[in-house]
Structure formats: structure tokens, C-alpha cells
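Down below is the structure, laid out as C-alpha cells.
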Amino acid sequence: MSATVLAPDALAALGDVADGATVMIGGFGPAGQPTELVEALLAQGATGLTVVSNNAGNGDDPLARLIRDGRVAKMVCSFPRQVDSWHFDAAYRSGAVELELVPQGNLAERIRAAGAGIGAFYTPTGYGTPLADGKETRRIDGVDHVLEHPIHADLALVRADRADRAGNLVYRKTARNFGPVMATAARRTVVQVREVVPAGALDPEAVVTPGIYVDAVVATGTHAGGEASA
Amino acid sequence: MSATVLAPDALAALGDVADGATVMIGGFGPAGQPTELVEALLAQGATGLTVVSNNAGNGDDPLARLIRDGRVAKMVCSFPRQVDSWHFDAAYRSGAVELELVPQGNLAERIRAAGAGIGAFYTPTGYGTPLADGKETRRIDGVDHVLEHPIHADLALVRADRADRAGNLVYRKTARNFGPVMATAARRTVVQVREVVPAGALDPEAVVTPGIYVDAVVATGTHAGGEASA
Amino acid sequence: MTHLEHAPRTDTPLTKAQIAARVAADIAPGSYVNLGIGLPTLVADHLDPGSGVTLHTENGMLGMGPAPEPDAADPDLVNAGKTPVTELPGAAYFHQADSFAMMRGGHIDVCVLGAFQVSVTGDLANWSTGEPGAVPAVGGAMDLAVGARRTVVTMTLLTKDGAPKLVERCTLPLTGVACVSRVYTDLAVLDVGPDGARVVETFGTTHGELETLLGLTLGRTS
Amino acid sequence: MTHLEHAPRTDTPLTKAQIAARVAADIAPGSYVNLGIGLPTLVADHLDPGSGVTLHTENGMLGMGPAPEPDAADPDLVNAGKTPVTELPGAAYFHQADSFAMMRGGHIDVCVLGAFQVSVTGDLANWSTGEPGAVPAVGGAMDLAVGARRTVVTMTLLTKDGAPKLVERCTLPLTGVACVSRVYTDLAVLDVGPDGARVVETFGTTHGELETLLGLTLGRTS
């Protein structure tokens, strides 16, 4: 990875995204969703995307609009159905979007494996269920396991709380969720933060995502719920 | 795991250790070595131990003395040979101690796998080398991998910098090394720290090892190099 | 360690709150506990604050506290059901891979889940009604089912239509195989496992009536 | 991106410092770099501080700085050779599994290693002399060999006894297979890989002399 670039706005941070790209989008529902970056992806125009995200949009949030606008060919996610996941539900029922449903812990571990250079791993989660249909299994120490493979991406969009100029990140409460693992698993990782601070201003003991994983950072001045930062 | 116990001294923290137990000992050379806890293990008397540790003792440090005294039947480690690993060298040459040599990253990942409930994993590290002799291999996406299994332990001895009363830990600089993964991989994890602070006194965003992994803590009042804490 | 002295004693079926209290009575002090969405969440209201039970939420936190005052809700601090929670002293945050490592690795003492069906051998079905055309969603259900040291279920014993939810063999898509050890219901507490279902306690019914209701032969706990 | 304008130009074999400088000249600004123990460590002295190169040490740190003043050594802050180092602004610490995930996952741009032998196809032998009865030790060598985007080697081209260390096929126990892409030596810089060894640059010798010395047919970089 090269040194982290501080971008002037979300669209510049995003850079080029090819049609057909695999894009990881952080967040667990609204918590930790990189709203401004997904807005930028909407504006950027790439289509035929595979989106890896725990959920599949709420209401008319940018991820939901990406699906509504037919830009997403496939969702890889653990919990697409929400009370307000109208756009995904419609696209799924019409066959406009393909779904790979992955148990949440397997999703996280498969993303981690991609970032960690692990070729595949055996997990007990999902064994004997429809989500393991057709997958290789193995009994290890008396426990049945399923072989799962890494999920790599071309691009990861992540929301953190603060970044330093070296690209180191800290998050805020449960908004941390998928950000740290997604940041490791993509060829390019773009992060929106509330604020950027000088190198050395984050405690090196408390850095959650080291800057090596971060290609571009944009300060959006917003945090949870989109409020302007104090 | 039950709630973390604050022990009055290292021997009390250690508790019972059975002959033949597998014991993980943190540290990378002297950095992060839980000196007082290994001293307690020396005093406690268990023998026939399997010790999992990156190194195999320096000079007459407590781990070296454990080996010298014939208490260790097997070492699982990545770098036993040091300029001053006299006791290990002698025990190895005489056949008194068995050695399982594991590449450092595989050692860390196998320990993590034990803590994370992963049954086994494919790693590229070691493929085609003598350390993969007899191990199952698989070509995944054009890269040759070796199948590696978790390393579980009965007991992990870890040195951290501070603990809170809930057992949450923070470490200091590169002394962090194996502590956080070893803490997850043992049936019982015992930690020595410089000081114990009230619950709530550690930043929840900066906790490295959550208290769920910690069974007992002892404040030794020492940090790196054994100096008394200020 | 069970605390039956705190258990509700009724001659009538338990309310949901009473089921939750009955589950709470079985949770040992100092335990680390994950509570599923729905009925299991109510268990938190019945845990003695002095018992040192720590709540895990799989979206990345240990030391989860109760819901905040409505005007104090923080959108960055939510539970697995995506509703606002609070942070207790001694809390810690971690990312998804670490959170599910904690779950899968057997570090959580008790996981309390809801269910559509549980089999007498402990198979669990709680993620899909199997309805064709329904939008599927699994979340952390499969990880939670197999990961904790002890997985228990809270549910009504019958569906709204009166069909048993404790069954010889699940007909709905499975969440996990042989993962549930105890089922807490309005009519009874039952242990399930390799030896089949055994009645621990009944509420407003009898062992025989339960067998008839469920169409199962039930053992007794010794 | 190479920076040949900074490369040493000599008509004599390179000193160790010159080899290190030659390696440093090939490291692109902004790179993340891991330097092995021994000769590779010297590369740090030749990196332009303004080039934004970040050093990784596999015992758990990014942003490693130079050795401290002797009386400022901190036993908790050491490199992979267990010698004291310092922390630069923007540093971060992480545990061993995360550190080797960073390495194995291909996030380090360049890893510079020492070697006993390198084969013309890039096999590396650098952890064991194969001596019977020797106490073996591998450390992170095998992880470093296969993990970085680009693994390069610094070594003298010949052993003290005059035997070639660049060989058709390694006779010592392997560290990794087909993992090295370039070898920096006192007599030449050579690329190795699927097409065999190719001379990039010579120091105080010629292409033909090198072929004789090594007993190999060497290609030329285009």
C-alpha cells in the first residue's frame, strides 16, 4: 500500500470504480455506515457491482438507492431483510439482485481471512444448515466444520471516527463493527472520518486500523446520524 | 469464563497446574515475558509441561530455569536458539526436551484459531519447506497452502501493562506481542500487570484484551525490565 | 450453578416476563451472556445488577447496559437488534471478527435465543420460516447457536395455531445441529440433547398433559 | 518505481553499506517495508527520511524509528532482532496475529531478507544451515518470505569459502518457494523468477565473469 492520501471530498477520495467491481461497505444498520462515501459511489456511476455489507440498506439511505437504481448485481450479506428494506426486497423478489446469504460471523471471518492471507478455514458455523449446502465439510476433534473461503474486494468504504495523517484510524463505540476487517480485505480502502489529526496525535496503543490499510481519507465533519461535529 | 479474580500474589493467581499441562507463555524475548508468573510456575512444581512460547528462555530467566530443571517435556516455539539459550540448547541436544518448531506467523495464527473456534486453516507459510513435511496441502487460487490446526492450552501466562477490575487489559509497546492471542486460547488465563485500575478507568475503545478472556490478575508493580512502577 | 430459589412458582402458564425471570434465575453470577433479539432481550431486566453478569452484543461490545433515556440515544451505540443501548463501566468495544471469534471460540457462557422450532435432540430452527419468496436473513443466529458454552432457548411451547414448537425433528430450515441444551417456555422448562427431551419443571400443566400436547415421550430430570 | 539516480556507481564490489544503499534506492516513496535481521537492517540508514517510507517490525509495530540513545532504551520497545528501537509519529502497535496477518495478507510492499542461498527461480534458504545437531530456529522467516508483495534478498554473492549463494537449486532447507524476486549482492544485482536469473547491474565484474563464478547461464534485463 502506498501512503494515505487526504482527499478534499468524498468523490475525490472514492476515485475510479470500475463496473462490476466488488465493494465492501461498512456498517451494522446505520451505525458505522459510510453515508457520504456511498453517496459518492451513487454519483460516480459504476454499475453491476457486487456489494459486501452486513445489511442491504434501510429506507432511502444511499445503499438502498444504489440497489433501487439497479447498480447492484449481487449482495453478499447476513441480514438484508429489515422493516424498511423496501428497495432490496423488491429487487430480490424481481430477480434484479442476486443474494449470497452468509452468517454474520462467517462474513466477518471470511473478510478477515482475505486481509490476512488465509486461503480458507474450517468453521462450525452453518454446518448442517441450508447455508452450507454444497460446501465441503470435515469433522475435526469431534466437531463438524464447513470450509469457507475468503471474500476479497476491489474497494472498501469505511466510516471511522478519526484518522491521523498516517492513515491510522480509531472508531466510535459499536460503529466500529465491520470497518477494521473490511479495511484489510480490499485492494483500495477509502475512509470517511469526522476529523483528521496530525500524525502522532492518536495514541499508538489505541490505533484500531493501522494506516497501512488505508489508501484515502476524507473528513466529512459529521459523525453518527450525520450531525456536524462540535 | 467467570468474572476475573484479583489475586494477592503470583502464586495465588497461578492456581493449580497439573503435571502434563500445556502452558502458553507470552513474550518475544524479554519483552512481555510474564517473569513473576513463570517464577510462580517454577515454585508451583508442575512437571512434564508442554510450553508454547515464541522463544525458549534467555540466560537464567525463569523459562530457561523451567527447562533446566527438567520440567518441560516439549517446547512449541518459533525461535528457541538465542545467544544465551544455554539451558534449552543442552536439553534439546540431550533429548530431554522435544521441539515443535513453528513459523512465527503460523504460531500466532494457530493460537488465534484456538481462541476463535476455527477448526483449521490453510496458510501459504511454510509450503515446500521441511516444517510442512507430512502436512496436508492444497492449491487455492494458484497458491499452495498448508493445513494448520489450532494450538489450545490449559493455561496462558501473560504480561500486560494495566488491567481494570473487569479484567480488561492494555499492553505496552511491542511487549503486546503474543499476549492478546494467548489470552484467548487457554482454558485459564492468568495475567500480571503493573497496576490494576477500577472498572471504567480504561478507555473502552482502547481495550486490547476484553476481560472475558482473563481469569485472574495479579499486580506485580513492575514493568519492563522489572523496575518498580512510579 | 442454578438458583432455583429465585425461580417463579406458578400453577398457571408463565408470562413472557416470567419466562425471562426463569431464565435469569439459571444464570450464574459472573457469567458472560449473549441475549438474542425479542423475548431473550427481556432476560436482562431480571438479572441482579449485583450478580456481575456481563452482556455481550455480537455487533461488537462487552458490558452493554440498558436502553438510554430516549433523548440520550447514540446512533453509534446499538445492540444486535439495532436499538440504542448504553455502556457500563468496564465495557470494551471490538470489531466483528473479534466479536464472533469470542462467540465461536466458546467464551460466552450462555446464549439465550428465540426459536421457531427446537428438536428433542437440540437442533434449532430460528432464522427462516421456509416460506417461498420470503426475503431471507440470518444475521448472527447460526454463529450464536453453535458458539456459546451453553445455548438455551426461550419460546412459547406452541405456535399461535397451537402447533408444538418442541418437535421430534425440525421441519423448518436449521440454524444449528444439536446446539440447544435447555428450552424455557410458558408451560415447561425442558432439557434437550442426545437422550431426548426431559421435563425440568411444569407451569399450570402436568408431565402427562405435556406429552399429549406435544405428541412426544418426555423423560424426567433426575 | 526505481530511483537509479540515487544508486551507487562503482567499478569495485559493493561494501555492505553500499549494498544497503542500492536496496534503498529501489524502494518507492510511501512504501511499507520490513527489514530482516542483519544486513537488511542497514537499509534503514539509507532511506530518505522525507520519502515517507514506513517500517514494519513483525513483533508488532508500524512506524519503527532508529535505535535510541543507549540510556533511553526501553525493554518493551524492540525490533524483530530484539534490539531497542524507537517510535515515530504515526506509529501503531498490534499483536502477533494481526502483525502476521499484515505480512501474510500482502500489505507490506517490500520485505528485505538475508539468505544462505537463493535459487534462480526465487526459492529462498535462509533459516537453517542444515547442520545435524544444530538447534533449529525459524522465527518469522517463512512468513516474511511469502507474505510481502515483493521479497528481495541482500547477501554477499559468495560464501566465505567462495561457494556461490545464487544457485540452480537450493541444497539447504527451504524457507519459501519461488518467493524472491531480486537479489542485491556485492558483485551484482540480479532478478530471479520463473525465467531464471537475469543480471540487472554488476559491480567490479562483468556478465561473463559472473556466469563463470556462479556456473550459471544468466539472462540480461531488457
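Each chain gets a letter, A, B and so on, in the order the sequences are listed, and its residues count up from 1.
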Next on the checklist: As an exercise: rank D/Gly60, D/Gly176, D/Ala141, D/Gly133 by heavy-atom pairs under 4.5 Å with chain B and give me the winner.
Outcome noted: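 Of the candidates given, the most pairs with chain B belong to D/Gly133.
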
Item to check | Among D/Asn79, D/Val146, D/Asp143, D/Asp98, residue most engaged with chain B (heavy-atom pairs, under 4.5 Å) | outcome: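 Greatest number of close heavy-atom pairs with chain B: D/Asp143.
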
Checklist entry - Among B/Arg194, B/Arg172, B/Lys173, whose salt bridge (Lys or Arg N to Asp or Glu O under 4.0 Å) with D/Asp76 holds? => result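 It is B/Arg172, the one option of B/Arg194, B/Arg172, B/Lys173 that forms the salt bridge (Lys or Arg N to Asp or Glu O under 4.0 Å) with D/Asp76.
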
Hey, does [Y] have a side-chain heavy atom less than 4.5 Å from the side chain of [X]?
X	Y	value
D/Leu77	D/Pro84	no
D/Trp127	B/Pro130	yes
D/Thr154	D/Leu42	no
B/Leu202	B/Arg162	yes

Flag the one option from [options] with the top tally of heavy-atom pairs under 4.5 Å to chain D.
options	answer
B/Arg110, B/Gln104, B/Glu109, B/Met182	B/Gln104
B/Pro30, B/Gly29, B/Pro103, B/Ala31	B/Pro103
B/Asp144, B/Leu131, B/Ile111, B/Val208	B/Leu131
B/Asn54, B/Leu101, B/Val181	B/Leu101

Which atoms of [X] come close to chain D, meaning under 4.5 Å heavy atom to heavy atom: side chain ones, backbone ones, both, or neither?
X	value
B/Asn55	side chain
B/Val143	neither
B/Leu99	side chain
B/Arg81	both

Can you tell which part of [X] gets under 4.5 Å to a heavy atom of chain B, answering side chain, backbone, both or neither?
X	value
D/Ala125	neither
D/Tyr93	both
D/Val78	both
D/Thr175	backbone

Next on the checklist: Which label fits D/His56 and D/Phe94: parallel for a plane angle under 30°, tilted from 30 to 60°, or perpendicular past 60°?
Outcome noted: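 Parallel, since the angle between the ring planes stays under 30°.
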
Item to check | Test side-chain contact (heavy atoms from CB on, under 4.5 Å) applied to D/His107 and D/Tyr32, step by step | outcome: CA-CA 8 Å; D/His107 306 284; D/Tyr32 290 89; over 6 Å; no

Item to check | ring-ring contact (aromatic ring centres under 6.0 Å, His included) against B/Tyr92, all qualifying residues, sequence neighbours excluded | outcome: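 Testing B/Tyr92 for ring-ring contact (aromatic ring centres under 6.0 Å, His included), a comparison that skips the adjacent residues, returns B/Phe88.
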
Next on the checklist: Which heavy atom of D/Asp26 sits nearest to which heavy atom of D/Arg182, and what is that distance?
Outcome noted: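 Closest approach of D/Asp26 to D/Arg182: OD2-NH1, 2.8 Å.
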
Checklist entry - Looking only at heavy atoms, which of residues 155-170 of chain D get nearer than 4.5 Å to chain B? => result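 If one takes a 4.5 Å heavy-atom cut-off, no residue of residues 155-170 of chain D lies near chain B.
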
